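Worksheet: one structure, shown below.
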2 protein chains.
Amino acid sequence: MEYNDSSINFEDFLGVFLSISKREEHPKNIQLLQAGRTCRKLYFIEKGILRFYYYNDAGKDITHWFRFENSFITELDSFLNKTESSYYIETLEETVVYSISLEGFYKLSSLFPETEKIWNLALVQFLLELGEKVKDLQFRDAPTRYSNLIEKHPDILQRVALGHIASYLGITQQSLSRIRKQK
Amino acid sequence: MEYNDSSINFEDFLGVFLSISKREEHPKNIQLLQAGRTCRKLYFIEKGILRFYYYNDAGKDITHWFRFENSFITELDSFLNKTESSYYIETLEETVVYSISLEGFYKLSSLFPETEKIWNLALVQFLLELGEKVKDLQFRDAPTRYSNLIEKHPDILQRVALGHIASYLGITQQSLSRIRKQK
DNA sequence: TCCATTTTTTACCATAGGGTAAAAATTATG
DNA sequence: CATAATTTTTACCCTATGGTAAAAAATGGA
């Protein structure tokens, strides 16, 4: 993907990122961030799945999204503006991440001037993905949303509980079960 | 809002942006971008409302979002990667925008080194807003989504057709009408 | 000002998905 | 391995929203 006339080397960037960041191993079902706390880290996921979730007005656990290997995850607002997070981040498998603090991110930015542009790219990626999710929720029915998800992440059924998938899709677990039966 | 230890002057940035960009006046109901074309411009809206929309699988016109005064709008993927847009952008009122091309954006970036960071901020803003919309669509009912929208944009009812608002909320115009009656 | 066009409302029935509850299946633990 | 805990499925009924169609209201143009 080309962002700019001056081409950007993502591999180089990732190299610098990994050298500056701290490797962390976490078991399954550990919270890396809790609501009410400030998100102090930007994570790059080497192995495992992280779940980004919150409790809605009715007190239900809602999966906002999943993040898989080779992607970044953080609570953007909390991380950048040091505000209280209203989201949780938890591991769904044994997970290996590389983390940096906001200060580390600035350091990275000064060591590697392309950081801002790479970061821009990552943000745009997030945005497009989120935009697709809006499209999904806005006018596609649940069976379609479900099969879209499976198509995009064929291994998700083996790795993530159906209850989490249901809330991600915006339906109850019972509805998801019904949808699965009809195929 | 603070993004970084070195503070960023948005006003200065906007000044440079406006001096580099081209002022455009457009009447009501004009398409600034059509699906199938490449989005060549990044717009800053001085006056008016723009509607970002697409036709879904069933051929229905769906409002993806509205953009008001003092905000940026573009079809990000198309603009940055010069791909075919699958969205339309149209004016809903007489509108004044300032536009720059991608090349202009690079020029801005070199003239005003903070551009990337400002742009980052804008992207993060988009992301948070879109994240809220996902939350809305995922587990809030239509009457709640409607009143949230009115609360956020009290003047939208005077400025935008209800049909556009309905599709933005992910419901039919008939449903919106029913919801409005019950208040 | 009048007519045509567009937008909004109303009404009716159909259906997808929610809520509650309990059974069945799977997974974790002593 | 046996039991407990968790997850998933099934079943029931209920409600919010969609689809179609037509009437009413608002808007725009000649």
Side-chain angles (χ1 to χ4, degrees), chain A residues 27-31 49 51 53 55-63 66 90-94 133-150 155-183, chain B residues 27-31 49 51 53 55-63 66 90-94 133-150 155-183:
Chain A
K28 193 175 174 175
N29 295 326
I30 291 294
Q31 290 179 333
I49 300 183
R51 185 170 78 96
Y53 68 103
Y55 290 93
N56 76 355
D57 317 330
K60 278 202 197 156
D61 168 326
I62 312 290
T63 300
F66 302 106
E90 72 172 8
T91 60
L92 295 183
E93 298 178 341
E94 256 187 52
K133 184 165 180 188
V134 168
K135 256 171 131 165
D136 253 21
L137 290 169
Q138 213 167 2
F139 274 105
R140 292 184 184 128
D141 60 18
T144 306
R145 300 204 293 275
Y146 175 69
S147 44
N148 284 172
L149 179 66
I150 301 305
D155 57 343
I156 202 172
L157 289 175
Q158 282 72 53
R159 302 175 74 185
V160 177
L162 289 173
H164 294 332
I165 293 176
S167 74
Y168 175 83
L169 294 174
I171 57 179
T172 61
Q173 182 162 352
Q174 294 87 319
S175 294
L176 178 55
S177 189
R178 186 169 36 209
I179 287 166
R180 283 161 53 80
K181 201 174 63 174
Q182 285 163 352
K183 300 231 163 177
Chain B
K28 193 175 175 177
N29 295 326
I30 291 292
Q31 290 179 334
I49 299 184
R51 186 171 77 98
Y53 68 103
Y55 291 93
N56 77 355
D57 318 330
K60 278 202 198 156
D61 168 325
I62 312 290
T63 300
F66 302 106
E90 73 172 7
T91 60
L92 296 184
E93 297 177 342
E94 257 187 52
K133 184 164 180 189
V134 168
K135 257 171 131 166
D136 253 20
L137 290 169
Q138 213 167 3
F139 273 104
R140 291 186 184 127
D141 59 19
T144 306
R145 300 204 293 277
Y146 175 68
S147 44
N148 284 172
L149 178 66
I150 301 306
D155 57 342
I156 201 172
L157 290 175
Q158 281 73 52
R159 303 175 72 184
V160 178
L162 289 174
H164 295 331
I165 293 177
S167 73
Y168 175 83
L169 293 174
I171 56 180
T172 60
Q173 183 163 353
Q174 295 87 318
S175 295
L176 178 57
S177 188
R178 187 167 36 207
I179 287 166
R180 282 161 54 81
K181 201 174 64 172
Q182 284 162 353
K183 299 229 165 181

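Both backbone and side-chain heavy atoms feed into the values below; hydrogens, waters and symmetry mates do not. Order of the sequence lines sets the chain letters (A, B, ...), proteins ahead of strands, with each chain counted from 1. Everything quoted here is computed from the prediction, not taken from an experiment.
- Comparing B:S175 and A:S175, the nucleotide of DNA chain C nearest to each residue sits closer to the 5' end for B:S175.
- Atom pair A:K60:NZ and C:dG17:C1' shows a separation of 11 Å (rounding to whole Å applied).
- Rounded to an integer number of Å, the gap from NZ of B:K28 to P of C:dT6 is 13 Å.
- Separating the CD1 atom in B:I171 from the CG atom in B:L176 is a distance of 4.5 Å, to the nearest 0.5 Å.
- B:R180 and B:Y146 form a side-chain donor-acceptor contact under 3.5 Å, judged by distance and modelled atom types alone.
- Summarising the geometry, atom CD belonging to A:Q158 is positioned 10.5 Å from atom CD belonging to A:E93; distances are rounded to the nearest 0.5 Å.
- One atom, CG of A:N29, and another, P of C:dT29, lie 10 Å apart when rounded to the nearest Å.
- Residues B:Y168 and B:K133 meet the side-chain proximity criterion, which asks for heavy atoms closer than 4.5 Å.
- One finds the CD1 atom of A:I179 at 9.0 Å from the OG1 atom of A:T144 (value rounded to the nearest 0.5 Å).
- The separation between B:L137 atom CG and C:dG17 atom C1' is 16 Å, rounded to whole Å.
- Within a 6.0 Å radius of CD in B:E94, other residues, nucleotides and ligands contribute 12 heavy atoms or fewer.
- Rounded to whole angstrom, the span from the OH atom of A:Y146 across to the P atom of C:dA16 amounts to 18 Å.
- As rounded to whole Å, 12 Å separates atom P of C:dG18 from atom CG of A:N56.
- Here the range on DNA chain D touched by chain B, meaning any atom under 4.0 Å from one of its heavy atoms, is D:dT17 to D:dG28.
- Between B:Q182 atom CD and C:dT8 atom P the separation is 18 Å, expressed in whole Å.
- Using modelled atom types, one side-chain atom of B:Q138 and one backbone atom of A:S167 make a donor-acceptor pair closer than 3.5 Å.
- Taking atom CG of residue B:L157 and atom C1' of nucleotide C:dT7, one finds them 14 Å apart after rounding to whole Å.
- B:L157 has its side chain within reach of B:L162: a pair of non-hydrogen atoms, C-beta onward, lies under 4.5 Å apart.
- Shown for residues 161-174 of chain A: residues whose heavy atoms fall under 4.0 angstrom of DNA chain C, namely A:G170, A:I171, A:T172, A:Q174.
- Taking 4.5 Å as the limit, some side-chain heavy atom of A:D61 sits within range of a side-chain heavy atom of A:Y55.
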